[in-house]
Amino acid sequence: MDPEDIAKQIGHPQKGILAADWSVGTATKKFEKFSIPTDGETRRKYRQLLFTTEGLENYISAVILHEETIKQKTDDGVLFTEVLKEKGILSGVRLDIGQEELPGFSPEQITFGLDNIRRRLLEYKNLGAVFAKWRAAYFIGDSKPAREIIDANSTLLAIYSLFCLEVDILPIIEPDVLMDGSHSLEQCAVKTEEVLTRLFQKLSDFKVDRKKILLKPSMVLPGKESGSKSIPSDVASATLSVFEKVVPVDVPTIAFLSGGQTLEEASANLNEIEKMLKPGLWQVTFSFARALQETVLEMWRGHDENWKMSQEKLLENARLCSLARQGKL
Ligand code: 13P
């Protein structure tokens with residue numbers, strides 16, 4: 001499949017992405033909260049719960065898997081990527097291996113994951129992946145993110161994208177401007193604009209074809225510790241004014257991450273973005289991990305007797321996101 005077609009298919013008018021690519025470390029922390037034992041088997045079971053949910057394909061166009069999960073199978077021995085394909089859902093894989101603080105710039109981080117990237121891409125493509133994901137995370141502060149951090153991460157995103165495109169894998173590019181901190185909505189807008197401007201400059205320097213990428217950004221929001229909460233119409237207008245300025249129109253699809261917002265907040269904000277979006281720009285949808293899953297995990301708690309109602313919860317959450325994706329919430 002051509003990456004441009006994959007990006008368009010993911011941007012389906014009623015659907016979005018289920019980001020199920022928590023690392024082993026993140027999954028362990030989430031599971032511990034509910035005393036769920038964490039090993040490869042419980043992570044496999046949890047992902048099986050998500051992916052075998054009946055009707056998921058009505059709201060979800062694609063699933064991002066972790067490197068561990070893409071090799072895992074159902075109880076019946078069927079690869080998860082096959083289960084998803086049967087439903088018409090595309091599979092992809094997180095290719096970055098996480099962030100490390102850069103000495104001299106702490107706590108700011110750069111993202112790792114280029115080792116063996118050609119071999120890993122081919123291995124995951126053979127297992128059914130048609131896209132990949134790489135996240136760069138940015139803190140907002142007085143002089144944060146530093147120009148050097150933005151440049152380093154944007155360069156890494158451009159290099160990763162070239163390796164993906166070499167084998168016709170769609171690169172999902174995730175510049176995540178974090179909600180952590182006490183910054184205002186306006187400060188977030190300024191920093192997001194800077195991050196996205198440098199990103200698109202680097203992509204252009206490295207001659208990455210913008211029609212063959214999918215952008216997974218954060219919304220423009222006030223910091224979690226700012227003591228203020230913006231109403232959806234303010235979030236939407238702040239987000240869209242930045243994006244209209246700096247995101248080229250030939251990027252086919254933008255899929256927002258939830259970034260620690262609740263399902264209600266993330267979907268209300270997306271809904272407003274859809275309503276305000278000018279025609280002729282990008283497809284805009286969701287690529288949520290926490291907003292879609294937190295309540296599902298809380299309901300499951302590792303117990304088989306909660307399986308069915310947890311799947312119903314996932315479906316209900318996905319349906320809400322699908323309505324928001326259409327601006328019909
Ligand atoms: P959240 O929706 O929880 O921000 O996660 C998105 C994601 O894929 C992080 O890399």
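Quick note: numbers below take in every heavy atom, side chains included, and nothing from hydrogens, waters or symmetry partners. Atoms within a ligand are numbered from 1 in the order they appear, just like the ligands themselves.
Taking 4.5 Å as the limit, every side-chain heavy atom of Gln14 sits out of range of all side-chain heavy atoms of Arg319. Side-chain contact between Thr69 and Phe51: present, with at least one pair of heavy atoms (C-beta onward) separated by less than 4.5 Å.
Close approach of ligand 1 to Arg135 is summarised as follows: ligand atoms under 4.0 Å from at least one heavy atom of the residue are 9 (C), 10 (O). Atoms of ligand 1 lying under 4.0 Å from at least one heavy atom of Phe288, given by number and element, are 2 (O). Of all atoms in ligand 1, listed by their number and element, those nearer than 4.0 Å to a heavy atom of Asp21 are 8 (O).
On a distance-only criterion, Ala291 and ligand 1 share no N/O pair closer than 3.5 Å.
For the side chain to side chain contact (heavy atoms under 4.5 Å, CB included) test with Leu162, the passing option among Val208, Ile117, Leu203 is Val208; the others fail. Partner of Glu265 under the salt bridge (Lys or Arg N to Asp or Glu O under 4.0 Å) criterion, out of Lys224, Lys229, Arg290: Lys229 alone. Checked against Lys133 for a side chain to side chain contact (heavy atoms under 4.5 Å, CB included), the options Val93, Asp21, Leu95 give a single hit: Asp21.
Residue contacts with ligand 1 include Lys133, since one of its heavy atoms falls under 4.0 Å from the ligand. Under the 4.0 angstrom criterion for non-hydrogen atoms, Gly259 is in contact with ligand 1. Residue contacts with ligand 1 leave out Gln293, since none of its heavy atoms falls under 4.0 Å from the ligand.
Regarding atom 3 (O) of ligand 1, its nearest protein heavy-atom neighbour is Arg290 NE, 2.7 Å. Shortest contact from atom 2 (O) of ligand 1 to any protein heavy atom: Ser258 OG, 2.5 Å. Of all protein heavy atoms, the one closest to atom 9 (C) of ligand 1 is Glu174 OE2, 3.2 Å. For atom 5 (O) of ligand 1, the closest non-hydrogen atom of the protein is Ala289 CB, 3.2 Å.
Contacts with ligand 1 closer than 4.0 Å are made by side-chain heavy atoms of Lys216 only, the backbone lying farther away. In Ile64, neither the side chain nor the backbone holds a heavy atom less than 4.0 Å from any atom of ligand 1. Residue Ala19 touches ligand 1 through its side chain alone, judged by heavy-atom distances below 4.0 Å.
Between Glu274 and Arg325, at least one side-chain N (NZ, or NE/NH1/NH2) sits under 4.0 Å from a carboxylate O, which counts as a salt bridge.
Of all non-hydrogen atoms in Trp22 and Thr26, the two that sit nearest each other are CD1-CG2, 3.8 Å.
In this structure, the side chain of Lys15 engages the main chain of Glu57 through a donor-acceptor pair within 3.5 Å.
The distance between the ring centers of Phe243 and Phe256 falls below 6.0 angstrom.
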